[in-house]
Every structure is written in C-alpha cells, then in structure tokens.
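The shown structure was predicted, so the numbers you read here are calculated from the model rather than taken from an experiment.
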Amino acid sequence: MLYKRTNPKRLSESGGVIQLARWISWAVVLFGGAVIVAVMYGYCSGELTWEMTFGLGLFGAALVGFIAPSLTSRLDVVWDAKGLAGLSRLMGPSLGLRRVAIGWGEIAQTGRTFTDYWYVEAHNAERIYWSYLYRGYGALTSALKMRRPDLTLPFDF
C-alpha cells in the first residue's frame, strides 16, 4: 500500500508513532473552506437562495469540522514497550476524539472494518483504529508481529 514502507512520524527500538498523511487532511480542509467562501459569495451576490446557502455551507463546515482534528496529533497511533494508544471510535469528527491505551498482552484480536480501517481489539472490546493512509503503518505492523506473533493479522496489514 501507499504508506506502508514510508517512514513513520517517529520510530525507535522501543516504540513509534504513525500519523495520518497531513496533505490529505489539508486538501480536504482547504476544499471545505473554499466551499464556504464560494457559498457566501454566491449568497451575497444573489445567485444562491438561503436554502442553498445553508445546505452547501453546512457541507463545507462539516468537511472542515470532521477533518480539522487530523491536523493535530490527536489521531496518531503511538506504541512503546507497554502497548498501543490511539483513537477508539470510527464515528464523530475524524474517528472521534476518545483515545484509549491497550497493553500488548491485552490484545485479543486484530481485524479490518468494511471501511478499510484496521484495528486491534482488547479483551474488554476497546479498539484502536488506523488505516493505509497513516504514514509508516508498516512499522506498527512489524511491532505487532514481533510482540504478538500469536495474533492472526488481516492479509493486507
């Protein structure tokens, strides 16, 4: 996949950090902002009705609101000698905002969602998600294989 072999944000012998490719987030946020500006221009010039302005403006605001958190380190997946930490929800602004930590020994299974996100799941059903759009995710895959060789990983990990 595109970012499997790229360098992660940070990597050491004891752990690392993978991060969503920022250029994708910037492109979506800038597009959402451009939609908002264009809609406001269209409304002020009389070319758009209030209903069209509201609907299109809401679309632009949703793009910005859902993707803007990915411009921070909030979506990073971090691992060290103890375990992993990352986002635990697939809904809400850009994978939600709730983060969890899962110890290496607490991982019950790995998997893949129908929306192409991979996850590790703890015995208590907590999950940490990431996707092929995370730069250097292959380093996390290697860490999982090294620390938990007993786990069955999805074929495209």
Side-chain angles (χ1 to χ4, degrees), residues 1-37 55-157:
M1 296 277 206
L2 181 63
Y3 291 116
K4 185 172 188 172
R5 290 182 178 85
T6 59
N7 292 328
K9 180 179 177 182
R10 192 168 53 246
L11 185 63
S12 69
E13 300 230 356
S14 60
V17 178
I18 58 172
Q19 178 182 70
L20 188 63
R22 294 279 169 93
W23 73 268
I24 296 167
S25 302
W26 275 113
V28 173
V29 167
L30 291 174
F31 176 74
V35 167
I36 293 169
V37 170
L56 291 171
L58 191 61
F59 170 72
L63 285 176
V64 172
F66 275 81
I67 302 302
S70 65
L71 296 174
T72 70
S73 60
R74 190 80 190 150
L75 275 66
D76 294 359
V77 177
V78 180
W79 71 95
D80 60 18
K82 297 176 187 174
L84 299 96
L87 290 176
S88 67
R89 299 263 191 262
L90 277 178
M91 300 303 285
S94 203
L95 293 178
L97 296 176
R98 185 170 176 265
R99 292 181 62 84
V100 297
I102 299 174
W104 293 111
E106 299 171 26
I107 299 173
Q109 65 179 355
T110 64
R112 183 175 174 217
T113 69
F114 70 94
T115 56
D116 285 336
Y117 278 87
W118 296 301
Y119 62 86
V120 292
E121 183 175 321
H123 296 288
N124 65 0
E126 292 278 6
R127 287 183 176 178
I128 295 173
Y129 295 94
W130 69 95
S131 77
Y132 61 89
L133 296 175
Y134 276 68
R135 296 183 58 80
Y137 74 86
L140 176 57
T141 301
S142 296
L144 276 165
K145 288 178 180 178
M146 182 182 74
R147 296 186 188 271
R148 289 297 306 274
D150 58 311
L151 290 174
T152 302
L153 304 178
F155 72 93
D156 59 349
F157 235 35

Nearest-0.5 Å distance that lies between atom [atom1] in [X] and atom [atom2] in [Y]:
| X | Y | atom1 | atom2 | answer |
| --- | --- | --- | --- | --- |
| W130 | L75 | CH2 | CG | 13.5 Å |
| D116 | L133 | CG | CG | 9.5 Å |
| L63 | L30 | CG | CG | 11.5 Å |
| T110 | I128 | OG1 | CD1 | 12.5 Å |
| Y119 | T113 | OH | OG1 | 8.0 Å |

Report task. Quick one: list whatever passes side chain to side chain contact (heavy atoms under 4.5 Å, CB included) with L71, sequence neighbours left out. Result ->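 Once residues adjacent in sequence are excluded, the partners of L71 under the side chain to side chain contact (heavy atoms under 4.5 Å, CB included) criterion are R22, S25, W26, V29.
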Report task. Under the side chain to side chain contact (heavy atoms under 4.5 Å, CB included) rule, collect the residues that match up with A85, sequence neighbours excluded. Result ->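 Counting only residues at least two positions away or on another chain, A85 forms a side chain to side chain contact (heavy atoms under 4.5 Å, CB included) with R99, A101.
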Tell me, do [X] and [Y] make a side-chain contact under 4.5 Å, heavy atoms counted?
| X | Y | result |
| --- | --- | --- |
| I102 | W79 | no |
| F66 | V28 | no |
| L84 | W104 | yes |
| Q19 | R135 | no |

Report task. Might you work through the side chain to side chain contact (heavy atoms under 4.5 Å, CB included) test for V120 and L151, ending with a clear yes or no? Result -> CA-CA 10 Å; V120 292; L151 290 174; 5.7 Å; no
Query - Whether Y129 and Y117 hold their rings parallel, tilted or perpendicular, with breakpoints at 30° and 60° - result: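 The arrangement is perpendicular - the two ring planes meet at more than 60°.
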Requested in this report: May I ask you to decide if the ring planes of Y137 and W118 are parallel, tilted or perpendicular, using 30° and 60° as cut-offs?
Outcome: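 Taking W118 first and then Y137, their aromatic rings sit tilted (interplane angle of 30° to 60°).
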So, for [X] and [Y], which heavy atoms are closest and what is the spacing to 0.1 Å?
| X | Y | answer |
| --- | --- | --- |
| L11 | A139 | CD1-CB, 4.1 Å |
| E126 | R98 | OE2-NH2, 2.9 Å |
| A108 | H123 | CB-ND1, 3.5 Å |
| A61 | I36 | N-CD1, 3.7 Å |

Report task. Check whether any side-chain N or O of D80 sits under 3.5 Å from a backbone N or O of K82 as a donor-acceptor pair, and report yes or no. Result ->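 Checked: pair present.
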